[in-house]
Amino acid sequence: MSKADRYNPVEGLCNAIIIRAADDYRKALRDLKANPRNQAAIQMRDEVERFMRSKWYAVLTDVDGEFLLRKLKEEVK
C-alpha cells in the first residue's frame with residue numbers, strides 16, 4: 001500500500017476544519033472566563049456553536065457536535 005493510499009486529503013481537510021473550530025472555541029471560552037463582556041469572544045463562541053450544530057458540520061465528521069462542545073467546555077473549566 002502506497003502512502004497516497006493511506007492518506008485521504010479530503011478527510012485531512014475536514015479534520016483540519018474541525019480542529020480549527022475547536023481551537024477557536026477553546027480560546028473564546030478562555031477569553032470569556034477572563035472577561036465575560038468580550039464581544040469578539042462571544043461572537044466566536046456563538047459562531048462555533050452554530051457551526052457544530054449545523055448540517056455542514058455533520059457532512060464533515062461523524063463526531064456528535066453536542067458531545068464535542070461539552071468536552072471542550074469541560075476542558076476550559
Side-chain angles (χ1 to χ4, degrees):
M1 180 181 287
S2 73
K3 184 177 180 180
D5 292 335
R6 291 183 298 229
Y7 179 72
N8 179 339
V10 173
E11 184 177 335
L13 178 59
C14 293
N15 290 338
I17 292 168
I18 303 301
I19 289 167
R20 179 57 191 254
D23 290 345
D24 289 347
Y25 194 67
R26 280 186 200 98
K27 182 179 182 322
L29 292 178
R30 283 192 303 267
D31 290 350
L32 286 169
K33 194 173 186 179
N35 177 8
R37 295 183 191 201
N38 182 327
Q39 288 302 308
I42 291 169
Q43 183 177 351
M44 179 59 67
R45 178 200 61 200
D46 293 349
E47 285 179 18
V48 173
E49 287 178 356
R50 274 193 304 276
F51 167 66
M52 289 191 178
R53 293 176 175 130
S54 72
K55 289 181 183 180
W56 170 234
Y57 174 86
V59 167
L60 297 175
T61 184
D62 291 331
V63 177
D64 179 67
E66 291 296 332
F67 171 80
L68 184 53
L69 288 169
R70 276 192 311 276
K71 290 299 182 183
L72 293 169
K73 286 176 188 174
E74 288 172 9
E75 261 184 44
V76 176
K77 281 185 181 178

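Keep in mind it's a predicted model, so treat the numbers as computed, not measured.
- Proximity of M44 to Y25: side-chain heavy atoms (C-beta onward) are nowhere separated by under 4.5 Å.
- Remark: the Q39 side chain and the Q43 side chain contain no N/O donor-acceptor pair separated by less than 3.5 Å.
- R20 and D24 are joined by a salt bridge, as a carboxylate oxygen and a charged side-chain nitrogen come within less than 4.0 angstrom of each other.
- Distance CG/D23 to CD1/I18: 11.5 Å, rounded to 0.5 Å.
- Looking at heavy atoms from C-beta onward, D64 lies out of side-chain contact with L68 at the 4.5 angstrom threshold.
- Put simply, CD on E74 and CG on L69 are 11.5 Å apart, with the number rounded to the nearest 0.5 Å.
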Side-chain atoms of residues 27-34: list all donor-acceptor pairs with protein atoms under 3.5 Å, sequence neighbours left out, distances to 0.1 Å.
unit_1 : atom_1 : unit_2 : atom_2 : d
K27    : NZ     : D31    : OD2    : 2.7
K33    : NZ     : V76    : O      : 3.3
K33    : NZ     : K77    : O      : 3.0

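- Residue pairs meeting the ring pair (Phe, Tyr, Trp, His ring centres under 6.0 Å) criterion with at least one member in residues 57-77, sequence neighbours excluded: F51-Y57.
- Connection of L13 to V59 is established within a shared hydrophobic cluster, with ILVMFWY side chains joined at heavy-atom distances below 4.5 Å, either directly or through further cluster members.
- Taking 4.5 Å as the limit, every side-chain heavy atom of N15 sits out of range of all side-chain heavy atoms of L60.
- Here the CD1 atom belonging to I42 is positioned 9.5 Å from the CZ atom belonging to R37, to the nearest 0.5 angstrom.
- Here the NZ-CZ distance, from K71 to R26, works out to 12.5 Å after rounding to the nearest 0.5 Å.
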